[in-house]
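FYI, side chains are in, hydrogens and waters are out, and symmetry mates aren't considered; it's all heavy atoms of this structure. Quick note on labels: first sequence line is chain A, next is B, and so on, each numbered from 1.
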Number of protein chains: 2
Amino acid sequence: MARKTGSHSEITGPRIRAEASRLFARHGFAAVSMRQIAAAVGVQAGALYLYTPDKEALLFDLLKTHMEELLAAWHTEPKGAEPLEALERFVRFHIGFNLMRSEAVFLSYMELRNLSEANFAVIEGLRRAYETELEEILKAGQAAGALSVPDTKLATMAIIAMLTGVNTWYREGGRLSRDTVETIYWDMVRKAVGA
Amino acid sequence: MARKTGSHSEITGPRIRAEASRLFARHGFAAVSMRQIAAAVGVQAGALYLYTPDKEALLFDLLKTHMEELLAAWHTEPKGAEPLEALERFVRFHIGFNLMRSEAVFLSYMELRNLSEANFAVIEGLRRAYETELEEILKAGQAAGALSVPDTKLATMAIIAMLTGVNTWYREGGRLSRDTVETIYWDMVRKAVGA
DNA sequence: TTGAAGAGTGAACGTGCGTTCAGTTACCCT
DNA sequence: AGGGTAACTGAACGCACGTTCACTCTTCAA
């Protein structure tokens, strides 16, 4: 048999990406075979090559899409007028978005080393662009006297690491609601860099 | 030929672990073959099995040893008498130790999913024991009124994530000395959870 | 001097890998 | 009605994997 009824590329393409993301996040890129991905989608391995030139390109596509969506989502977020408000928005946005996309976030941190040098540079560039968004907030806050940040680069890295860390322990339906977590983290960040 | 002069198990064993650690950290557990490790050591693949029952046991040994050394090193550290001093010691210890062992730290965060369930539980237990060390400091500080920590569990995770994040960007001989980094991070932590 | 034990070799085992491709089917357009 | 094409199959390619094992060489105690 070939081509089951109702099966189209607009369906199979996204499903391949979804299953690949799930499997890569769970077991790691190198530990997941094209045959496993195909089986999860319900096709033969060969069919995957209608949607991706090779395995690495599939990973790259997932990472690139994620980073671009992260940046796009941040840019549509309403900006805070004052430095402290801008920082709070960033903190809440980062925690919220990352919890919504935990699989892709995990991938973006863990599987960079499986990329070719050129592809790595692309993802790295997108990540740096995102980090710069936070650093600009900190710089502006420092300049306005609303924040006390001895080294904005370090503070940027520290805050992002701290916020992203939520993904390692947060479970939906756990002890704390997402909003409570955001509030507690915002409280710590505010105190850490507040004037 | 077999056995070159001056070649002993007391030399080969540690070299295997060292090369495996290096390669696993660089390329990921699943992406490194036993033959690659053997080649780096300068033996044939079969020889590795004189030192480990299988590939996963080799990884488990690396992770377990690292976590045990981390806990042992922390326990020999002089304790601070007061809560704030104890917390400062923890912050500086964590950054310092992790920078000294960046390969093993990387492995301990990235390769847990390649462990069997039983082995995973062991490493997880050790990690939790380490986290508890920090949480106890925070609890004591909160009780003594020296710290203001609304949720000690969250603060524990936030601080550890923030500190461990140093490993992702710190490079020896870079812009900032290790001590400067420790001081800046300690400053942020103190403000974040200080009373 | 000898022989057991230690350390390592090198070939082989079956398996699963990423990828290719000729062939097959189902749908759409005319 | 029927031909073209998009979607997919299933088998095959060569290769690398983890692991085993009979064997060889070296060392050292008795």
Go through the structure and list residues passing salt bridge (charged side-chain N to carboxylate O under 4.0 Å, His left out) with B/R89, not counting sequence neighbours.
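Expected list: B/E85.
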Residue list, salt bridge (charged side-chain N to carboxylate O under 4.0 Å, His left out) with B/E133, at least two apart or on another chain:
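Not a single residue meets the salt bridge (charged side-chain N to carboxylate O under 4.0 Å, His left out) criterion with B/E133.
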Let me have the donor-acceptor pairs involving side chains of residues 143-160 of chain B, under 3.5 Å, with sequence neighbours excluded, atom names and distances please.
residue, atom, partner, partner atom, Å
B/D151, OD1, A/R175, NH2, 3.2
B/D151, OD1, B/K153, N, 3.1
B/D151, OD1, B/L154, N, 3.0
B/D151, OD2, A/R175, NH1, 2.9
B/D151, OD2, A/R175, NH2, 3.1
B/T152, OG1, B/E135, OE2, 3.1
B/T156, OG1, B/T152, O, 2.6

Kindly point out which of C/dG18, D/dT19, D/dA7 is positioned nearest to the side chain of B/K55?
D/dT19
Rounding to an integer number of Å, can you tell me how far [X] [atom1] sits from [N] [atom2]?
{"X": "B/I37", "N": "D/dT19", "atom1": "CD1", "atom2": "C1'", "answer": "13 Å"}
{"X": "B/Q44", "N": "D/dT19", "atom1": "CD", "atom2": "P", "answer": "17 Å"}
{"X": "A/L59", "N": "C/dG18", "atom1": "CG", "atom2": "P", "answer": "13 Å"}
{"X": "B/I11", "N": "C/dG6", "atom1": "CD1", "atom2": "P", "answer": "17 Å"}
{"X": "A/Y51", "N": "C/dT19", "atom1": "OH", "atom2": "P", "answer": "17 Å"}

Would you say a side-chain N or O of A/T12 is under 4.0 Å from OP1 or OP2 of D/dA7?
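Checking A/T12 against D/dA7: no side-chain N or O falls below 4.0 Å of OP1 or OP2.
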What donor-acceptor contacts under 3.5 angstrom involve side-chain atoms of residues 121-129 of chain B, with partners at least two apart or in another chain?
residue, atom, partner, partner atom, Å
B/E124, OE1, B/R127, NH2, 3.3

Can you pull out the residues from residues 16-36 of chain A that lie within a 4.0 Å heavy-atom distance of DNA chain C?
A/V32, A/S33, A/M34, A/R35
In terms of the nearest nucleotide of DNA chain C, which residue is placed more toward the 5' end: B/L50 or A/Y49?
B/L50
Regarding A/K191 and the six-membered ring of A/W186, is the cationic atom NZ or CZ under 6.0 Å from the ring centre and inside 45° of its axis?
no
What pairs of donor and acceptor atoms, side-chain ones from residues 24-49 of chain B against any protein atom, are under 3.5 angstrom apart with sequence neighbours left out?
residue, atom, partner, partner atom, Å
B/S33, OG, B/R35, N, 3.4
B/S33, OG, B/Q36, N, 3.1
B/Q36, OE1, B/S33, N, 3.0

